[in-house]
Amino acid sequence: MARILVTSAIPYINGIKHLGNLVGSQLPADLYARYMRGRGHEVMFLCATDEHGTPAELAAAKAGKPVAEYCAEMHAVQAELARGFRLSFDHFGRSSSPQNHRLTQHFAGRLAENGYIGEVTEQQVYSSADGRFLPDRYIEGTCPNCGYDKARGDQCENCTKQLDPTDLIDPRSAISGSTDLEVRETKHLYLRQSLLKAKLDAWIDAQSDWPVLTTSIAKKWLHDGDGLQDRGITRDLSWGIPVKKGPEDWPGMEGKVFYVWFDAPIEYIAASAEWAQQHGHPDSAWRRWWRTDEGAKDVRYVQFMGKDNVPFHTLSFPATIMGSGEPWKLVDYIKSFNYLNYDGGQFSTSQGRGVFMDQALSILPADYWRWWLLSHAPENSDAEFTWENFQASVNKDLADVLGNFVSRVTKFCRSRFGEEIPEGGASGPEETALIARLSARLVAYQTHMDAMEIRKAAAELRAIWVEGNEYLQAAAPWAAFKTDPERAAAIIRLSMNLIRVYAVLSRPFIPDAADTLLAALKTENRDWPDSMPNALAVLPAGHGFSVPEMLFGKITDEQREEWQSRFAGKRG
RNA sequence: GGGCCUGUAGCUCAAUUGGUCAGAGCAGAGCGCUCAUAACGCUUUGGUUGGGGGUUCAAGUCCCUCCGGGCCUACCA
């Protein structure tokens, strides 16, 4: 038994995430965590909300609420949606937790002691009307290059020229529109990650089995231009983790907070501390996952994230850990994803384009979404959601191949033998052949799941479902029943057991349907099949069952068309 | 501008890293079955692997070039 630490990139607090966000981190992380638990390993699966930063403050202001209250509410909303999608976090934390405050301040203190923090005085734009410093992209004005009047302070969207906020003609606040802006001096802490460049480079080089997407982004940041740049890790905001050196004040940094991208990854660690506290465990319970000197040496740590998060997980966070000089666990494998597009364009939070988590659950059960999203995960390139594809895949795979198999077996059994598994009869060459095929496919399925090759794993699982239909067709119990009822009984006994195996193997993808099947079979046996012959003999003759409700109904053309138009534009 | 990814059957994707006639699912066509959610099974049509050039005994795979799609480029997170 191994110990697997799994984290999903933590979703930002300012709203409900869309399906693209879901499939980029939380859902595949859940798949992996469930699979590893199913195989009998000890798993710690952590996620949280990322609550700090300017957008959170603005969203709270827009909602007319104190930011702490807003975040607490949105955390509850996101937690509820996570439950709705059956995301099996051991803990869903908050980056604003006291644990994260302590740990973030601790890391900053260690980094400072080791010479990895620099203080830089810089010029930033301050808006009197908004009462805050403005990040570059919250300043709008006319582009000096092309004359576009809605250029942002970091870049002009029209001509793509990189800009400095002071380049803008007639600059104004993108928040209030105020032109009462001034440049002020402010002092910030920088993480001197350039000092760790060689160490990070060697570490990335050693990860030969990581996805290209992951390593190429890291390499780019390490070697582009002048190489890895130091990064500001503090901000002039009120909402965040106060800048402190461990437990002590940081002279000259009063009133400042750490930048979200410094404290967000540390929340992975803090989330486990929150978990320990919530369950009344001592600190050692969470530290054994994170400290290699306190039991984490045998932990395998896997992170899941969209490609936009890769630089922070391959460079900044590792630099934080390395620079601390303390034996914290570094990530062992980073699984990164491309984007999921929506029907010919991008999902858009601002335009309400696409399907959001709450809307998805309001029209179909979680399993439908889980199956489609995972079996089409954007692993090698950006993928696209279309309603036609969704309808076709879900109807065919879930309703026809899996659902109908369960239906034909259980209903046949009920009508010919009654509601218990029939006895008698012997298995023959067809069963031997089936078991051989299933055994080979099981190995392939496990290989893909171990390697986090999600699409391939889904395809293999589907092929395992198909084996059942092929077998039934070849064995034809309805024909055997007329001449040799005991032979039909043997076929059905095996098929009923096959349903249990399907439930166990499918559970990481479609947990609710799997549990429905196990309940119908009146069994709690969820043992992963170590050998197919044994696994297919778990339910004995005489074991009772009930015919389950239709496992998956089909999506009709009318539904598809209605949803297609409903989700095309503004959400409302 | 620079960097990275990507282009394979009508659609969604494979191809053991240079090695038999480029494979699967869906859609289409034909046949079979009647236990089942008009479901299932079998057979089958369909590709000059975006275009062009090159290296090699051998190229979807490596190199050059052109065309298309996407992402990143460090103060949104």
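Here is the naming used below: chain letters follow the sequence lines, and residue numbers restart at 1 for every chain.
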[N] phosphate, OP1 or OP2, under 4.0 Å from [X] side-chain N/O:
{"X": "A/Asn380", "N": "B/A14", "answer": "yes"}
{"X": "A/Tyr471", "N": "B/G41", "answer": "no"}
{"X": "A/Arg231", "N": "B/C75", "answer": "yes"}
{"X": "A/Lys456", "N": "B/A15", "answer": "yes"}
{"X": "A/Tyr259", "N": "B/A74", "answer": "no"}
{"X": "A/Lys396", "N": "B/C40", "answer": "yes"}
{"X": "A/Arg416", "N": "B/C35", "answer": "yes"}
{"X": "A/Arg414", "N": "B/C35", "answer": "no"}
{"X": "A/Arg455", "N": "B/C13", "answer": "yes"}

Rounded distance in Å between the [atom1] positions of [N] and [M]:
{"N": "B/C4", "M": "B/A74", "atom1": "C1'", "result": "16 Å"}
{"N": "B/C31", "M": "B/G70", "atom1": "P", "result": "44 Å"}
{"N": "B/U8", "M": "B/G51", "atom1": "C1'", "result": "15 Å"}
{"N": "B/C5", "M": "B/U43", "atom1": "C1'", "result": "39 Å"}
{"N": "B/A24", "M": "B/C67", "atom1": "P", "result": "36 Å"}
{"N": "B/G69", "M": "B/G50", "atom1": "P", "result": "16 Å"}
{"N": "B/U16", "M": "B/G10", "atom1": "C1'", "result": "29 Å"}

Is a donor-acceptor pair below 3.5 Å formed from side chain [X] to base [N], judging by atom type as modelled?
{"X": "A/Gln124", "N": "B/C75", "value": "yes"}
{"X": "A/Asn404", "N": "B/A36", "value": "yes"}
{"X": "A/Glu384", "N": "B/C11", "value": "no"}

Modelled atom types, side-chain donor and acceptor of [X] and [Y], under 3.5 Å:
{"X": "A/Tyr471", "Y": "A/Glu431", "value": "yes"}
{"X": "A/Asn338", "Y": "A/Ser381", "value": "no"}
{"X": "A/Asp397", "Y": "A/Trp465", "value": "no"}
{"X": "A/Asn21", "Y": "A/Gln26", "value": "no"}

Please give, in whole Å, the distance from [N] [atom2] to [X] [atom1]?
{"X": "A/Lys554", "N": "B/C26", "atom1": "NZ", "atom2": "P", "answer": "12 Å"}
{"X": "A/Leu374", "N": "B/C13", "atom1": "CG", "atom2": "P", "answer": "15 Å"}
{"X": "A/Leu200", "N": "B/A74", "atom1": "CG", "atom2": "C1'", "answer": "15 Å"}
{"X": "A/Ile555", "N": "B/U37", "atom1": "CD1", "atom2": "C1'", "answer": "14 Å"}
{"X": "A/Phe405", "N": "B/C40", "atom1": "CZ", "atom2": "P", "answer": "13 Å"}
{"X": "A/Leu340", "N": "B/G70", "atom1": "CG", "atom2": "P", "answer": "15 Å"}
{"X": "A/Asn338", "N": "B/G70", "atom1": "CG", "atom2": "P", "answer": "13 Å"}
{"X": "A/Leu213", "N": "B/U6", "atom1": "CG", "atom2": "P", "answer": "10 Å"}

Among the nucleotides [options], which one has an atom lying closest to any side-chain atom of [X]?
{"X": "A/Ala392", "options": "B/C26, B/C35, B/G70", "answer": "B/C26"}
{"X": "A/Lys220", "options": "B/A77, B/G3, B/U12", "answer": "B/G3"}
{"X": "A/Trp221", "options": "B/C75, B/U73, B/G41", "answer": "B/U73"}
{"X": "A/Trp478", "options": "B/C33, B/A77, B/A27", "answer": "B/C33"}
{"X": "A/Ser381", "options": "B/G2, B/U6, B/G41", "answer": "B/U6"}
{"X": "A/Tyr138", "options": "B/C76, B/C72, B/U37", "answer": "B/C76"}
{"X": "A/Glu122", "options": "B/U12, B/C75, B/A74", "answer": "B/C75"}
{"X": "A/Asp50", "options": "B/A77, B/A74, B/A27", "answer": "B/A77"}
{"X": "A/Gln473", "options": "B/U37, B/G32, B/C75", "answer": "B/G32"}
{"X": "A/Leu228", "options": "B/U12, B/A74, B/C42", "answer": "B/A74"}

[X] near the nucleic acid: base, sugar-phosphate alone, or nothing, with a heavy-atom cut-off under 4.0 Å?
{"X": "A/Glu470", "value": "sugar-phosphate"}
{"X": "A/His376", "value": "sugar-phosphate"}
{"X": "A/Thr410", "value": "nothing"}
{"X": "A/Gly227", "value": "base"}
{"X": "A/Phe312", "value": "base"}
{"X": "A/Val401", "value": "nothing"}
{"X": "A/Phe552", "value": "base"}
{"X": "A/Pro55", "value": "sugar-phosphate"}
{"X": "A/Leu551", "value": "base"}

State which residue, out of A/Ile233, A/Thr104, A/Thr234, fulfils the side chain to side chain contact (heavy atoms under 4.5 Å, CB included) condition with A/Val243. A/Thr234
Consider side-chain hydrogen bond (donor to acceptor under 3.5 Å, both in side chains). Of A/Arg231, A/Gln229, A/Glu122, which one does A/Tyr190 pass it with? A/Glu122
Quick one: sort the [X] and [Y] rings into parallel, tilted or perpendicular, breaks at 30° and 60°.
{"X": "A/His75", "Y": "A/Phe92", "answer": "parallel"}
{"X": "A/Phe417", "Y": "A/Phe481", "answer": "perpendicular"}
{"X": "A/Phe412", "Y": "A/Trp478", "answer": "perpendicular"}
{"X": "A/Trp387", "Y": "A/Phe390", "answer": "perpendicular"}

A correct dot-bracket answer for RNA chain B, with pairs being Watson-Crick or G-U at under 3.5 Å, [ ] for crossing pairs and | for inter-strand pairs, is (((((((..((((.....[...)))).(((((.......))))).....(((((..]....))))))))))))....
Could you tell me whether B/U8 is syn or anti, where syn means a glycosidic angle within 90 degrees of zero? anti
Side-chain donor or acceptor of A/Ser173 paired with backbone N/O of A/Ile175 under 3.5 Å: yes
Distance check, rounded to the nearest 0.5 Å: A/His18 atom NE2 versus A/Tyr342 atom OH? 12.0 Å
